[in-house]
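Following: one structure in structure tokens, then a few remarks.
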Amino acid sequence: LMIREDKLEESLANHVWAHKVSYTGPSFDVGMSYAYHFNEIPAVHVQPPEAVLEYHRQHSVGVEFETTWDEWGFRGEGVYTSDEWFASRNPVDRDSTEPRDILSAIVGADHTFANDLYVNFQYWMRYITDYQDYLQAEEYDHNFIWSVSRKFLREDLEIGFSGRYQFDPAGWLVTPEVKYRVNDYIRLRATLNLLGGDNASLFGQFDGNDQAGIELKMLF
């Protein structure tokens with residue numbers, strides 16, 4: 001198939017806009033938002049002899065909150081988004097894709113202990129409405145996300161351990177990391193990205209593609 005991308009023209013007809021209202025209280029913050037926008041990831045419509053990449057309009061309605069309790073920070077947000085396009089195995093779908101509305105949400109908590117140990121835990125989920133088995137995506141996808149780090153040597157050295165675990169199908173991304181500040185002008189960073197899990201999971205399909213990286217940053 002030949003690939004053709006229908007790029008958006010710079011015109012008033014392709015405008016996007018969003019609105020947000022929020023309230024800040026003595027112990028909590030809440031907010032609501034609405035956006036009329038384009039999906040940043042194009043949908044792939046198979047129309048032989050072409051596969052057409054199209055950017056579709058979407059409506060998004062969101063809510064969010066943030067509060068504290070006993071030196072822990074708690075926050076979360078949710079959004080309902082229209083017309084997310086998914087690949088389909090339904091033979092009556094002429095272009096092998098179908099739109100569905102989705103509900104996404106994330107909640108989390110973080111805390112810094114007296115010994116400078118920082119922890120952050122989050123739970124993320126996505127639910128596809130009006131789900132059918134022929135869609136090439138899970139009806140309900142949920143992940144556990146974490147980040148743990150601590151600083152040493154008068155905060156010049158930082159050791160961290162973060163990752164993400166996807167449930168059903170199981171998959172994971174684990175990232176140990178070391179940062180070191182040599183002086184006020186030189187920073188070093190070393191990381192590992194370890195991936196694995198079920199072949200049908202987001203990370204499991206990249207099992208055997210672990211990565212290692214070293215970064216040198218110089219400030220002038």
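Numbering of residues begins at 1 and proceeds along the displayed sequence. In this text the structure is predicted, and so the values were computed from the model without any measurement.
Taking hydrophobic clusters as Ile, Leu, Val, Met, Phe, Trp and Tyr residues chained together by side-chain heavy-atom distances below 4.5 Å, Leu103 does not share a cluster with Ile41. In the hydrophobic clustering of ILVMFWY residues, with side-chain heavy atoms under 4.5 Å counting as a link, Val148 and Phe144 come out together. In terms of hydrophobic clustering, with Ile, Leu, Val, Met, Phe, Trp and Tyr side chains grouped at heavy-atom distances under 4.5 Å, Ile106 and Phe121 are assigned to different clusters. Hydrophobic clustering, with ILVMFWY side chains joined whenever heavy atoms are under 4.5 angstrom apart, keeps Val30 apart from Val21. Following chains of ILVMFWY side-chain contacts shorter than 4.5 Å, one cannot reach Val61 starting from Tyr127, and the two form parts of different hydrophobic clusters.
Remark: Glu5 engages no residue in a salt bridge (charged side-chain N to carboxylate O under 4.0 Å, His left out) (not counting sequence neighbours). Residues satisfying the ring-ring contact (aromatic ring centres under 6.0 Å, His included) test with Tyr123, not counting sequence neighbours, are His142. Applying the side-chain contact (heavy atoms from CB on, under 4.5 Å) criterion to Asp210, with sequence neighbours excluded, gives Leu194, Leu195. Qualifying salt bridge (charged side-chain N to carboxylate O under 4.0 Å, His left out) partners for Arg4, counting only residues two or more places apart in sequence or in other chains: Asp6, Glu50. Among residues two or more places apart in sequence or in another chain, the side chain to side chain donor-acceptor pair (under 3.5 Å) test is passed with Arg189 by Glu177. For Asp130, the side-chain contact (heavy atoms from CB on, under 4.5 Å) criterion is met by Arg100, Gln132, not counting sequence neighbours.
The local environment of CD1 in Ile3 is sparse, with at most 12 non-hydrogen atoms from other residues, nucleotides or ligands closer than 6.0 Å. Within a 6.0 Å radius of CG in Asn115, other residues, nucleotides and ligands contribute more than 12 heavy atoms. Heavy-atom contacts from other residues, nucleotides or ligands closer than 6.0 Å to CD of Glu215 number more than 12.
For residues 105-125, the set of pairs meeting the salt bridge (charged side-chain N to carboxylate O under 4.0 Å, His left out) definition, not counting sequence neighbours, comprises Arg75-Asp110. Screening residues 195-220 for ring-ring contact (aromatic ring centres under 6.0 Å, His included) gives no qualifying pairs among residues at least two apart or on separate chains. Among residues at least two apart or in separate chains, ring-ring contact (aromatic ring centres under 6.0 Å, His included) pairs with a member in residues 84-114 are His45-Trp85, His56-Trp85, Trp72-His111, His111-Phe113. Within the structure, every pair that satisfies the salt bridge (charged side-chain N to carboxylate O under 4.0 Å, His left out) test and touches residues 15-31, not counting sequence neighbours, is listed here: Lys20-Glu64. Residue pairs that meet the salt bridge (charged side-chain N to carboxylate O under 4.0 Å, His left out) test with at least one member in residues 142-165, sequence neighbours left out, are Asp156-Arg181. Within the structure, no pair that satisfies the salt bridge (charged side-chain N to carboxylate O under 4.0 Å, His left out) test touches residues 83-97, not counting sequence neighbours.
In this structure, OH in Tyr180 is found 11.0 Å from CZ in Arg187, a value given to the nearest 0.5 Å. Interatomic distance, CG of Leu219 versus OH of Tyr185, reported as 9.5 Å (0.5 Å rounding). Annotation: the span from Ser60 atom OG to Tyr34 atom OH amounts to 8.5 Å, rounded to 0.5 Å. Between His37 atom NE2 and Trp17 atom CH2 the span is 11.5 Å, to the nearest 0.5 Å. Considering OG1 of Thr129 and OH of Tyr80, their distance stands at 4.5 Å, rounded to 0.5 Å. Rounded to the nearest 0.5 angstrom, Trp69 CH2 and Phe74 CZ are separated by 6.5 Å.
Annotation for Asn39 and Tyr55: closest pair O-CD2, 3.3 Å, computed over non-hydrogen atoms. Ala137 and Tyr131 get closest at one heavy-atom pair: O-OH, 2.6 Å. The nearest pair of heavy atoms linking Asn183 to Ile186 is OD1-N, 2.9 Å. Of all non-hydrogen atoms in Gln166 and Leu202, the two that sit nearest each other are OE1-N, 2.9 Å. Between Arg126 and Ile128, the closest heavy-atom pair is NH2-CD1, 3.9 Å. Smallest separation of non-hydrogen atoms from Ala170 and Ser201: O-OG, 3.2 Å.
Between the side chain of Tyr118 and the main chain of Gly160, no donor-acceptor pair closer than 3.5 Å is present. Remark: the backbone N or O of Ala87 is not paired with any side-chain donor or acceptor of Ser96 at under 3.5 angstrom.
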Walk me through it: do Met32 and Val63 pass the test side chain to side chain contact (heavy atoms under 4.5 Å, CB included)?
CA-CA 4 Å; Met32 296 185 63; Val63 295; 4.0 Å; yes
Gln58 and Phe38: side chain to side chain contact (heavy atoms under 4.5 Å, CB included), yes or no, with the steps?
CA-CA 6 Å; Gln58 292 180 301; Phe38 287 95; over 6 Å; no
Assess the residue pair Ser88 and Thr97 against the criterion (side chain to side chain contact (heavy atoms under 4.5 Å, CB included)); give the C-alpha distance rounded to whole Å, side-chain angles, the decisive distance to 0.1 Å, and a yes or no.
CA-CA 5 Å; Ser88 170; Thr97 56; 5.7 Å; no
Leu192 and Thr175: side chain to side chain contact (heavy atoms under 4.5 Å, CB included), yes or no, with the steps?
CA-CA 5 Å; Leu192 287 175; Thr175 304; over 6 Å; no
Dump the intermediate steps for ring-ring contact (aromatic ring centres under 6.0 Å, His included) on Phe167 and Tyr165, then the final yes or no.
CA-CA 7 Å; Phe167 301 89; Tyr165 182 82; 5.0 Å; yes
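Side-chain atoms of Ser82 and Asp101 form no donor-acceptor pair, as typed in the model, at a separation below 3.5 Å. Judged purely by distance below 3.5 Å, without hydrogens or angles, the side chains of Asn14 and Glu9 never pair a donor atom with an acceptor atom.
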